[in-house]
Amino acid sequence: MTILASEIGFASSHSHDPAMAMAEVARQLGDAPLAGMLLFCSHRFDRDALARAVNRHSEHIVAIGCTSSGELTEAGYDEDSLSVIGFPADAFHLTSHIFDDIDAFDPVTAREEIRALAAIADRDSRHLGGKVNHVALFLVDGLSHREELLTMTMQDALGDIPLIGGSSGDGLAFRETAIFEGGRFHKRAAVIAILSTPRPIHVFKAQHYRPGAAKMVVTGAIPHDRIVTEINAEPAAQEYLRLAGHAGEELGLAFYAAHPPMVRAGGDYHVRSIQSANADGSLTFYCAIDEGIVLTVGEPIDRIAGMESMFADIGAHVGQVDRIIAFDCVLNRIDAEQRQIGRAVSELYGRHRVIGFNTYGEQYHALHVNQTFSGLAIGR
């Protein structure tokens with residue numbers, strides 16, 4: 001199917017061969033000139049081969065992306081695919097910057113680089129018309145433990161330009177994730193790209209849980225490693241299971257997804273997702289954690305009803321939706337499958353033109369958050 005130039009292009013392939021997958025994607029996208037590409041891919045692809053294939057089909061085009069823990073395609077929840085979003089040149093401009101060693105990330109230098117990027121985006125998108133909207137798309141290594149510092153720094157430098165993005169995944173292997181920019185995949189990296197368009201845009205964040213009655217105080221932690229050793233002066237994993245679980249339940253990804261710890265910050269409750277229970281009885285989290293934090297065990301709300309309301313609100317902001325680029329936590333997907341609503345969620349995503357990927361965490365403005373459905377809605 002050839003995509004009209006006025007629409008945001010989307011294509012995906014389940015071919016395991018990188019060259020064949022990218023060729024199939026390129027055929028689906030058609031010949032309309034593109035301002036840029038956003039790609040999400042299974043961690044199972046040979047990355048060097050995939051980079052070569054992407055480069056053959058994206059000459060003179062800004063192409064960024066990352067490895068995923070599942071893709072969001074026109075079929076809803078998907079996996080083992082290469083998915084590519086194409087921004088038509090007649091309505092968009094995209095410019096990007098890579099931070100290719102985030103272990104040596106310098107906030108002062110980064111702010112200067114981001115402000116320069118924003119100035120370039122403003123200058124080079126003026127041909128699109130008098131009123132151009134800008135949004136920053138941010139992708140970061142999902143195993144880096146650096147998301148909080150990077151996200152706060154980026155949004156501070158961006159000023160009024162909203163930031164939205166996600167942490168890269170590798171299925172559920174937790175071994176190695178990668179960011180794509182400048183024609184190759186990078187380890188321990190982050191990429192920020194400013195997307196400019198005269199079309200209406202809206203960034204959003206939604207979560208499918210509310211705070212419950214059970215409270216937990218972190219009494220022992222190793223903040224640098226995002227590890228909690230004690231909760232309520234008891235071994236962390238044991239106490240969390242006691243407060244959140246029921247008879248016969250065991251710790252594991254499905255349990256963490258169903259009973260997410262939440263913390264109150266800035267007047268709202270945010271999920272602090274657990275990645276794993278460790279042999280020593282500690283818990284490793286997906287985001288920043290420290291001693292003294294009070295956690296509440298989250299309880300699920302009616303996800304389908306909540307998302308229908310969210311999509312209605314998105315429509316009120318942008319009118320008729322072209323695409324919703326979503327950053328959806330992998331734990332949301334696991335929980336949907338456990339609750340046997342995965343098919344209903346996929347149908348909902350398909351109906352509302354959602355595309356994107358399953359993440360190890362989401363970035364919304366200056367926040368690094370977990371277990372949210374966050375994204376960018378773009379009107380026609």
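Using a 4.5 Å heavy-atom threshold, the side chains of Asn370 and Leu331 count as separate. Between Gln155 and Gln363 the shortest side-chain heavy-atom distance does not fall below 4.5 Å. Side-chain contact between His134 and Pro162 is absent, with no heavy-atom pair separated by less than 4.5 Å. Using a 4.5 Å heavy-atom threshold, the side chains of Leu295 and Val218 count as touching. Side-chain atoms of Ile201 and Val318, non-hydrogen and from C-beta on, never get closer than 4.5 Å to each other. The shortest distance between side-chain heavy atoms of Val297 and Met262 does not fall below 4.5 Å. Counting only heavy atoms from C-beta outward, the side chains of His365 and Val203 approach each other to under 4.5 Å. Side chains of Tyr209 and Asp335 form a contact here, defined as non-hydrogen atoms less than 4.5 Å apart.
Under a 4.5 Å side-chain heavy-atom criterion applied to ILVMFWY residues, the cluster that includes Met20 comprises that residue alone.
A salt bridge between Asp122 and Arg126 is present, with a side-chain N of the basic residue lying under 4.0 Å from a carboxylate O of the acidic one. Looking at Arg188 and Asp101, no side-chain N of the basic residue comes within less than 4.0 Å of a carboxylate O on the acidic one, giving no salt bridge. Note on Arg380 versus Glu7: salt bridge recorded, some NZ/NE/NH1/NH2 to OD/OE distance being below 4.0 Å.
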Checklist entry - What do the steps show when you test Glu176 against Arg47 for salt bridge (Lys or Arg N to Asp or Glu O under 4.0 Å), and what is the final call? => result CA-CA 12 Å; Glu176 182 179 281; Arg47 291 172 193 170; 3.0 Å; yes
Next on the checklist: Test salt bridge (Lys or Arg N to Asp or Glu O under 4.0 Å) on Arg343 and Glu337; report intermediate values, then the result.
Outcome noted: CA-CA 8 Å; Arg343 183 174 295 179; Glu337 291 165 354; over 6 Å; no
Item to check | Intermediate values then yes/no, side chain to side chain donor-acceptor pair (under 3.5 Å), Ser167 and Glu147 | outcome: CA-CA 8 Å; Ser167 302; Glu147 292 102 326; 3.1 Å; yes
Item to check | Stepwise salt bridge (Lys or Arg N to Asp or Glu O under 4.0 Å) test for Arg226 and Glu148 | outcome: CA-CA 12 Å; Arg226 295 179 174 173; Glu148 285 86 3; 2.9 Å; yes
Next on the checklist: Run Thr67 and Phe357 through side chain to side chain contact (heavy atoms under 4.5 Å, CB included) and show every step you take.
Outcome noted: CA-CA 9 Å; Thr67 57; Phe357 81 108; over 6 Å; no
Checklist entry - After noting the C-alpha distance and the side-chain angles of Glu308 and His352, does the key distance pass the side chain to side chain contact (heavy atoms under 4.5 Å, CB included) rule? => result CA-CA 9 Å; Glu308 289 282 20; His352 290 282; 3.5 Å; yes
Item to check | Stepwise side chain to side chain donor-acceptor pair (under 3.5 Å) test for Thr177 and Ser168 | outcome: CA-CA 6 Å; Thr177 70; Ser168 58; 2.9 Å; yes
Item to check | Intermediate values then yes/no, side chain to side chain donor-acceptor pair (under 3.5 Å), Asp78 and His14 | outcome: CA-CA 10 Å; Asp78 212 331; His14 290 89; 2.7 Å; yes
Item to check | Stepwise side chain to side chain donor-acceptor pair (under 3.5 Å) check, Asp170 with Tyr360 | outcome: CA-CA 9 Å; Asp170 62 346; Tyr360 279 175; 2.5 Å; yes
Checklist entry - Does the pair Ile231 and Val217 meet the rule for a side chain to side chain contact (heavy atoms under 4.5 Å, CB included), with working shown? => result CA-CA 6 Å; Ile231 291 172; Val217 180; over 6 Å; no
Item to check | Audit row: Phe105, Leu150, side chain to side chain contact (heavy atoms under 4.5 Å, CB included) steps and yes/no | outcome: CA-CA 8 Å; Phe105 180 77; Leu150 270 70; 3.8 Å; yes
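With hydrogens and angles disregarded, a donor-acceptor distance shorter than 3.5 Å links the side chain of Thr219 to the backbone of Ala233. Between the side chain of Ser69 and the backbone N or O of Gly171, at least one donor-acceptor pair lies under 3.5 Å. Judged purely by atom type and a 3.5 angstrom limit, Glu362 has no side-chain atom pairing as donor or acceptor with the backbone of Phe373. No donor-acceptor pair under 3.5 Å is formed between the side chain of Asn232 and the backbone N or O of Glu234. Proximity of a side-chain donor or acceptor of Asn55 to a complementary backbone N or O of Ala51 within less than 3.5 Å is detected. No donor-acceptor pair closer than 3.5 Å links the side chain of His93 to the backbone N or O of Ala89. Side-chain atoms of Glu71 come within 3.5 Å of backbone N or O of Asp80 as a donor-acceptor pair. Without hydrogens or angle criteria, Asp156 side chain to Arg111 main chain gives no donor-acceptor distance under 3.5 Å. Of the possible donor and acceptor atoms, none in the side chain of Thr109 sits under 3.5 Å from a partner among the backbone N and O of Asp106.
Follow the hydrophobic side-chain contacts under 4.5 Å out from Val54 and you reach Leu29 in the same cluster. At a threshold of 4.5 Å between side-chain heavy atoms, the hydrophobic network of Ile, Leu, Val, Met, Phe, Trp and Tyr places Ile355 and Ile378 in one connected group. Linking ILVMFWY residues whenever their side-chain heavy atoms come closer than 4.5 Å, directly or via other members, places Ile274 and Val263 in the same cluster. Ile161 and Ile192 fall within a single hydrophobic cluster, where Ile, Leu, Val, Met, Phe, Trp and Tyr are joined by side-chain heavy atoms under 4.5 Å apart, directly or via other members. Linking ILVMFWY residues whenever their side-chain heavy atoms come closer than 4.5 Å, directly or via other members, leaves Leu195 and Val132 in distinct clusters.
Ring pair Phe327/Tyr364: centre-to-centre distance not below 6.0 Å. Aromatic pair His97/Phe99: centroids less than 6.0 angstrom apart.
Taking Thr296 as the reference, Pro211, Lys215, Tyr269 meet the side chain to side chain contact (heavy atoms under 4.5 Å, CB included) condition, with sequence neighbours excluded.
Between the side chains of Ser13 and Glu24, a donor-acceptor pair is found at a separation under 3.5 Å.
Atom-to-atom distance recorded for Ile341:CD1 and His208:NE2 is 8.0 Å, nearest 0.5 angstrom. How far NE2 of His43 is from CZ of Arg175: 6.5 Å, rounded to the nearest 0.5 Å. Distance NE2/His57 to CE/Met22: 6.0 Å, rounded to 0.5 Å. Remark: Lys187 NZ to Asp141 CG distance equals 10.5 Å, nearest 0.5 Å. If you take CG on Leu38 and CZ on Phe87, they are separated by 5.0 Å, rounding to the nearest 0.5 Å. Atoms CD and CZ, on Glu239 and Arg242 in that order, are 4.0 Å from each other to the nearest 0.5 Å.
Here the closest heavy-atom approach between residue Gly36 and residue Ile61 is recorded as CA-CG2, 3.4 Å.
Within a 6.0 Å sphere centred on NE2 of His127, heavy atoms belonging to other residues, nucleotides or ligands number more than 12.
The aromatic rings of Tyr77 and Tyr349 sit perpendicular to each other, their planes meeting at more than 60°, with 30° as the lower class boundary.
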Identify each donor-acceptor pair in which a side-chain atom of residues 282-290 lies under 3.5 Å from a protein atom, sequence neighbours left out, and give them as a table.
unit_1: Ser282; atom_1: OG; unit_2: Asn278; atom_2: ND2; d: 2.9
unit_1: Ser282; atom_1: OG; unit_2: Asp280; atom_2: OD1; d: 2.6
unit_1: Thr284; atom_1: OG1; unit_2: Asn278; atom_2: ND2; d: 3.0

